[in-house]
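Fair warning: this is a prediction, and the values are worked out from it, not measured in the lab. Numbered from 1 within each chain, the chains take letters A, B, ... in sequence-line order.
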2 protein chains.
Amino acid sequence: MKLNTKVRYGLRAMIEIAKHRENGGVLQKEIANTQEIPIKYLEHIINQLKTSGLMTNFSSKGSGYILTKKPNEISIYDIYRAFEPELAIVDCTCEHNMCKKSNECPTRDYWFQLNTKIKNEMMQVKLADLVTTKKEPYN
Amino acid sequence: MKLNTKVRYGLRAMIEIAKHRENGGVLQKEIANTQEIPIKYLEHIINQLKTSGLMTNFSSKGSGYILTKKPNEISIYDIYRAFEPELAIVDCTCEHNMCKKSNECPTRDYWFQLNTKIKNEMMQVKLADLVTTKKEPYN
DNA sequence: ACTTATCCTACTACATTAGTAGGATACAAA
DNA sequence: TTTGTATCCTACTAATGTAGTAGGATAAGT
């Protein structure tokens with residue numbers, strides 16, 4: 001039950017990009033420096049964030065990265081999904097992978113419900129909530 | 001963000017033990033058979049459950065395993081902790097491992113709150129809720 | 001032309017996961 | 001008392017995932 005560094009670094013990268021909304025974009029180097037992420041690793045993370053459509057840039061050099069949506073329209077779960085296909089704390093909670101005993105399995109329902117709650121929590125909180133002052137409570 | 005098989009099998013083993021409360025214990029072999037867990041792997045799981053104090057047996061042979069507490073006094077989180085030191089979805093949510101930048105890190109607070117919510121969910125649901133008919137809702 | 005940001009593919013050390021293997025010990029029944 | 005078997009205990013391992021690094025290609029600003 002651990003988040004990997006891609007998701008954690010990815011969120012921090014998105015926060016950094018969101019903070020530069022006014023001044024039109026931020027470079028890999030700046031994200032790496034202020035968020036203290038190895039720049040060569042950040043490349044992969046940025047690549048996945050771009051592929052997922054959460055952010056983009058206009059030039060292969062120097063234009064900086066910008067969000068494609070407003071920070072209050074991007075949930076933590078959106079960012080999570082840039083790196084993971086979906087949240088599935090156990091494989092059988094994935095509806096594509098139902099085991100044949102699932103209708104007699106009491107644990108399946110429990111894990112599924114827990115999974116849904118975690119997912120909902122991550123969908124309700126938006127990037128904007130983390131960019132504004134951290135003194136604001138999130139809920 | 002995946003649960004490992006030890007926790008999942010461990011919960012199923014505990015359910016199986018709970019189901020035999022009336023008739024005084026269940027053997028490894030029976031747990032392995034009905035829950036379809038490799039018996040040699042189940043050995044490790046049972047060993048951890050015993051060490052954690054959630055269940056025990058009276059003899060090294062044939063007495064069967066029994067719970068040390070009532071099923072409504074054992075939470076899912078208790079079982080989780082038999083296999084993991086604590087729930088920590090990111091390392092810096094562990095208060096023993098605060099990074100020096102934590103007071104300026106907006107993601108730390110978020111992950112910590114999510115961690116707490118997951119932990120609370122797992123503490124509120126008891127083994128008894130999974131042993132009784134699965135048609136009952138858990139919350 | 002030169003510099004540098006970005007892009008793209010490949011590689012890798014290390015840790016974790018999900019088990020297996022094999023023998024030692026304990027105890028009950030024959 | 002021997003034998004069968006449940007449990008206990010330590011070690012080993014194949015496969016996978018994690019957290020990066022390396023190196024060159026491409027693109028664009030100056």
Polar-atom pairs under 3.5 Å, protein N or O versus N or O of nucleotides 26-29 of chain D: list them with distances, or write none.
{"from": "D:dA27", "atom 1": "O4'", "to": "A:Ser60", "atom 2": "OG", "distance (Å)": "3.2"}
{"from": "D:dA27", "atom 1": "O3'", "to": "A:Ser60", "atom 2": "OG", "distance (Å)": "3.3"}

>> Is it true that B:Thr5 and B:Tyr41 share a donor-acceptor pair across their side chains at a distance under 3.5 Å?
In response: yes
> What is the distance from CD of A:Glu36 to P of D:dG20, rounded to the nearest Å?
Replying inline: 13 Å
> Where the side chain of B:Leu27 is concerned, which of C:dA18, D:dG20, D:dA6 is the nearest nucleotide?
Replying inline: D:dA6
> Is B:Tyr9 touching bases, backbone alone, or none of the nucleic acid, heavy atoms closer than 4.0 Å?
Replying inline: sugar-phosphate
>> I want to verify a distance call: between C:dT20, D:dG20, D:dC8, whose nearest atom is closest to the B:Tyr41 side chain?
In response: C:dT20
>> Apply side chain to side chain contact (heavy atoms under 4.5 Å, CB included) to residues A:Val7 and A:Ile79 and explain how you reach the verdict.
In response: CA-CA 7 Å; A:Val7 173; A:Ile79 296 166; 5.5 Å; no
> Closer than 4.0 Å, any side-chain N/O of B:Lys50 to the OP1 or OP2 of D:dT7?
Replying inline: no
> Nearest-Å distance, CD (B:Gln48) to P (D:dT10)?
Replying inline: 13 Å
> When the distance from NZ of A:Lys2 to C1' of D:dA19 is rounded to whole Å, what number comes out?
Replying inline: 15 Å
>> Can you measure B:Tyr65 atom OH to D:dA6 atom C1' for me and round it to whole angstrom units?
In response: 8 Å
>> Checking side-chain polar atoms at under 3.5 Å, does A:Glu16 have a donor or acceptor matched by the opposite partner on A:Thr34?
In response: yes
>> So that I can tick it off, tell me whether A:Lys2 and B:Asp91 are bridged by a salt bridge, with the cut-off set at under 4.0 angstrom between side-chain N and carboxylate O.
In response: yes
>> Regarding B:Glu121 and B:Tyr77, do their side chains bring together a donor and an acceptor under 3.5 Å, going by distance alone?
In response: no
> Counting just side-chain N and O atoms, does B:Lys6 come under 4.0 Å of either OP1 or OP2 of C:dT17?
Replying inline: no
> Rounded to the nearest Å, what distance is computed from the CZ atom of residue B:Phe83 to the C1' atom of nucleotide C:dT16?
Replying inline: 16 Å
>> So, OP1 or OP2 of D:dC8: does either fall under 4.0 Å of a side-chain N or O from B:Asn57?
In response: yes
> Can you tell me how far P of C:dT16 sits from CE of B:Met1, to the nearest Å?
Replying inline: 18 Å
> Of B:His44 and B:Val26, whose nearest nucleotide on DNA chain D comes first from the 5' end?
Replying inline: B:Val26
> Within the pair A:Lys40 and D:dA22, is there a side-chain N or O less than 4.0 Å away from OP1 or OP2?
Replying inline: no
>> How long is the straight-line distance from CG of B:Leu3 back to CZ of B:Phe83, given to the nearest 0.5 Å?
In response: 11.5 Å
> Under a 4.0 Å N-O cut-off, is there an ion pair linking B:Arg81 with B:Asp78?
Replying inline: yes
>> Tell me the interatomic distance from A:Asn33, atom CG, to C:dA5, atom C1', rounded to whole angstroms.
In response: 14 Å
> Can you check the A:Glu43 CD to D:dG23 P distance for me, whole Å?
Replying inline: 14 Å
> Given that B:Leu3 and A:Ile46 both sit by DNA chain C, which one's nearest nucleotide is further toward the 5' end?
Replying inline: A:Ile46
